[in-house]
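All heavy atoms count here, side chains included; hydrogens, waters and symmetry mates do not.
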Amino acid sequence: RFLNPERISLPDIDIDFCGRKREEVLNYVTSNYGQENVCQIITFGTMAARQAVRDVGRALEVPLPEVDKVAKMIPPFGEDANIEGALKNIPQLREISEQKPKIEKMLSVALRLEGQVRHPSIHAAGIVITPKPLVEFLPLYQSVKGEITTQYPMQDIEAIGLLKMDLLGLRNLTVIQDTLALIKKTTGEEPDLENLSLSDEKTFQLFQSGNTDGVFQFESQGMKEQLRSYKPEQFRELIALNALYRPGPLKSGMTEKFVRYKNNPEEISYEFPELEPILRETNGLIVYQEQVMRIATDLAGMSMAEADILRKAMGKKNPEAMKAQKKRFVQGAKDKGIDKNKAAKIFEQIKFFAGYGFNKSHSAAYAYLAYQTAYLKAHYPKYFLAALLTSEAERGATSQVVKYISDCKEMGIKVLPPDINASDINFSVVENDIRFGLAAVKNVGEGAVQSLIKIRERIGLFTSPFDIFKEPEARNINRKVVESLIKAGAFDSLGWKRSQLFHLIDIMIDFAHKVQRAKESRQSLLFGGDLLDLPEVPLEVKEMPEWDENLLLSYEKDALGFYITGHPLDRYGKYINKLISHKINQINEGDKINGEIKVAGIISSLRLLKTRKDERMATLFLEDTSGRIEMVVFPDHYQKYYDYLREDLLVWIKGKFIGDSESKRMQLLQIMELTEAFKNLAKRMVLRVDLKGTENSLYTELHKVLNKYQGECPVFFELYTPDACRMVVKSVDIQGVSPSEELVEVLEGLLGQEALYIE
């Protein structure tokens, strides 16, 4: 006998928890209802085209390079992201299949396997609870790890009438808990987020400014633009904005109308006066499903149960059901004294909006969570951003970490590099700054970090990296850990150069092994000796030059996923601003209208592709100090600028925005190395000289330097006379120079840091 033998449509019960507490909730549910009555739900991973090719290639013993080559010919997305489509539209794949029988067989078998179930896994949130043991209702599955799940996937469980619940670990709730813990640990304060004033001025200022990176549901570029245009002043407006920022309302124009009506209230009109009390809060628009239901009860006399049936019918757009519902609505409205034709028009109006309607209670809950995160960012920004960075680093979202570090910079909060003497496991708050967490360094696991912190708590601050390896916990710290910590700059506070520390890695590891062996055997101690077989700790490290800036930053990026102590663009300083129209984080969907965008940065994640016509193209990511954006290089520009498409190259790019508010993308139109851009795009170089007290020898030296770097860029002098008059004159005896990093460095050495600029 099933729990729900009549197949009544059961409610969809979703509950979100702090990610770290989900296991506790599962344990509670299991202990409360009985282990035999509760289990998680199975899902099935299916074979994608590339995976099928690789699996079959391995089974048929096709050489790995050939398998890899064939798999990469199948597009990862789009209409041809399957074996059949790829064979039809990609000539190279068809050609290799026709020429090599083994490849043809591999693709033939893979074609039959594509889309088939490859492996079972566990649904991220779903659980099922039954009133009697699970085995009386459905078959169960035990994984190799011993985990028990249903054999039926989610849809089949609902179909047989069992109650499915989603217990989801929500990362944003974890960020809130971590923020509160940091605030309490550092200040002793305990903000009460359950009883916040819903009219907090600083919080609404944050929403109105669009400074909502990290704010739940409100951080997309499109939502930021919507907030800046609408300028919400009340909590109910946040509920509506959250409900309207969805594909349906956005495409229908409802969202745009909602914003326009806020700024132009005289445009709001109600075709039927009866609708005003229901729609006043949403500027005359039907935004919520609850509004549809209230119209049905207030105007047509329906019961709440009948109104809910109407809501569902409108959402599913079932013609037969809609016909019956319209008849019931019109008759009910007529019984309440509303004209039949008028009632029919009201029904058609709500039918249009109901297709886009969102559940208000759902939107209100999300808006309140958004309000809580915005409140923390407005009142406790450094604690909130530290918790946010920890969360993103834990899931390996490097691009998000870069984005939030940029957000910190914009808010005047420094993100300090990792330091074995100052960092905790996670990002922490140090006075007015945020300190990078050691666990966020690549290849440094939580176990190694906990060992480092234990050692530090016991012996005090490290004065040498060898201090670590004298302790028993050092067995968790291997070569990879040490390499990554050095590259990340975590040992910088000890006063040694990173190049010196890297040179000592073998000695450190050897020292650690001998210490551990000696401590395990204790032979030396048994005979009263002094561990004489240990190497001496070098008191003086061999002097050597530090890595050059490019290598140092490159290693730093290897270890952290991004640059933190500097950026390759930093050395160009303010001069770069003369060459660009935007920093990457300033680009948004509005730039589609404004045409060309000029940006500068470093190329990363270059990916070479082919079109259906067998033409080469590419995608890449461009990173600057504010963030990163995807670039698409179509075949004509790929061919023209092929020499510049190299990872880690500093470039200037002109392009146009082709993405949307969710996915930032640009089309590359022109590219050149940044050093070339300074030469080719600079219109003039201006040198500031104070005539008061300036010796003739300076002019002689300047003349030599400018002659040495001759080029096409005109040189102007901005002269300040003893009585503070300013004159700008063009150099007569110097025709022009070729701007370069080297020239700027020499001139700044002669005249000072602020003494020249390039336009």
Side-chain angles (χ1 to χ4, degrees), residues 42-121 123 153-156 247 399 603-622 629-647 655-656 658-660 662-669 671:
I42 203 166
T43 61
F44 298 103
T46 56
M47 277 198 183
R50 289 184 172 188
Q51 185 64 60
V53 168
R54 293 184 194 282
D55 284 356
V56 172
R58 193 181 308 114
L60 295 179
E61 296 183 347
V62 178
L64 187 59
E66 288 188 52
V67 174
D68 192 53
K69 182 181 177 182
V70 170
K72 285 180 177 176
M73 285 182 181
I74 302 170
F77 49 83
E79 294 179 4
D80 298 335
N82 56 75
I83 297 168
E84 186 177 359
L87 279 168
K88 184 179 177 182
N89 297 310
I90 298 175
Q92 297 89 342
L93 183 61
R94 193 166 57 248
E95 188 180 322
I96 197 173
S97 174
E98 290 168 356
Q99 289 175 353
K100 297 187 176 183
K102 203 161 190 177
I103 298 296
E104 184 183 18
K105 183 179 179 183
M106 177 180 76
L107 288 169
S108 173
V109 175
L111 182 61
R112 294 198 293 273
L113 290 177
E114 185 182 359
Q116 298 297 314
V117 171
R118 185 173 189 269
H119 62 272
S121 58
H123 190 278
M154 181 174 65
Q155 297 81 359
D156 293 345
S399 62
I603 293 176
S604 68
S605 306
L606 176 67
R607 189 165 167 232
L608 304 180
L609 303 167
K610 279 191 176 181
T611 67
R612 291 181 188 180
K613 295 180 180 178
D614 197 29
E615 295 175 313
R616 290 192 173 275
M617 61 172 292
T619 62
L620 59 91
F621 278 95
L622 185 76
I629 190 168
E630 186 179 6
M631 294 270 177
V632 181
V633 189
F634 289 117
D636 52 345
H637 293 106
Y638 176 90
Q639 193 173 356
K640 187 175 181 181
Y641 297 115
Y642 174 77
D643 291 341
Y644 297 101
L645 301 178
R646 304 197 308 272
E647 289 194 2
K656 64 181 180 181
I658 57 171
D660 54 39
E662 300 297 328
S663 173
K664 281 193 172 185
R665 299 176 91 207
M666 278 178 63
Q667 178 189 343
L668 183 146
L669 300 175
I671 182 173

TODO: Kindly say whether Leu606 contributes a backbone atom to a donor-acceptor pair with the side chain of Glu647 at under 3.5 angstrom?
DONE: yes

Open item on the list: If I compare all heavy atoms of Val62 with all of Met106, which pair ends up nearest, and what's the gap?
Closed with: CG2-SD, 4.1 Å

TODO: Determine, stepwise, if the pair Leu645 / Leu608 fulfils side-chain contact (heavy atoms from CB on, under 4.5 Å).
DONE: CA-CA 10 Å; Leu645 301 178; Leu608 304 180; 5.6 Å; no

Open item on the list: Measuring only between side-chain heavy atoms, which start at C-beta, is Val632 closer than 4.5 Å to Met617?
Closed with: yes

TODO: Look at the side chain of Arg50 and the backbone N and O of Ile74, then say whether any donor-acceptor pair between them is shorter than 3.5 Å.
DONE: yes

- [ ] Supply the atom-to-atom distance Leu64 CG to Lys69 NZ, rounded to the nearest 0.5 angstrom.
- [x] 14.0 Å

Task: Donor-acceptor under 3.5 Å (Arg94 side chain, Lys88 main chain) - done: yes

Task: Point-to-point distance, once rounded to the nearest 0.5 Å, from CZ of Phe621 to CZ of Arg607 - done: 10.0 Å

Task: Distance-minimising heavy-atom pair for Pro153 and Phe44 - done: CD-CE1, 4.1 Å

Open item on the list: Which residue in the set Asp55, Leu113, Thr46 passes side-chain contact (heavy atoms from CB on, under 4.5 Å) when paired with Arg118?
Closed with: Asp55

- [ ] Indicate yes or no: does Lys102 engage Glu66 in a salt bridge with an N to O separation below 4.0 Å.
- [x] no

Task: From Leu669 atom CG to Phe634 atom CZ, the distance as rounded to the nearest 0.5 Å - done: 10.0 Å

Task: Pair Asp68 + Lys72, salt bridge at N-O below 4.0 Å - done: yes

Open item on the list: Quick check: do Leu111 and Leu87 have side-chain heavy atoms less than 4.5 Å from each other?
Closed with: no

TODO: Starting from the C-alpha separation in whole Å, work towards a yes-or-no answer on ring pair (Phe, Tyr, Trp, His ring centres under 6.0 Å) for Tyr642 and Tyr638.
DONE: CA-CA 5 Å; Tyr642 174 77; Tyr638 176 90; 5.6 Å; yes

- [ ] Quick one: pull up CZ in Arg112 and CE in Met47 and give me the separation to the nearest 0.5 Å.
- [x] 12.5 Å

Open item on the list: Counting only heavy atoms from other residues, nucleotides and ligands, does the tally under 6.0 Å from CD of Gln639 exceed 12?
Closed with: no

Task: Verdict with reasoning, Ile42 to His123, per side-chain contact (heavy atoms from CB on, under 4.5 Å) - done: CA-CA 6 Å; Ile42 203 166; His123 190 278; over 6 Å; no

Task: Derivation of the side-chain contact (heavy atoms from CB on, under 4.5 Å) call for Thr619 and Met631 - done: CA-CA 6 Å; Thr619 62; Met631 294 270 177; over 6 Å; no

Task: Steps toward side-chain contact (heavy atoms from CB on, under 4.5 Å) verdict (Ile658, Met666) - done: CA-CA 5 Å; Ile658 57 171; Met666 278 178 63; 5.6 Å; no

Task: Spacing of Ile103 atom CD1 and Ser97 atom OG [to the nearest 0.5 Å] - done: 8.0 Å

Task: Approximate separation, where rounding is to 0.5 Å, of Met73 CE and Leu609 CG - done: 13.0 Å

Task: Donor-acceptor contact present, side-chain Glu114 to main-chain Ile83, <3.5 Å - done: yes

Task: More than 12 heavy atoms from other groups under 6.0 Å of CD on Glu615 - done: yes

- [ ] Let me know which of Val633, Ile671, Ile629 forms a side-chain contact (heavy atoms from CB on, under 4.5 Å) with Leu620.
- [x] Val633

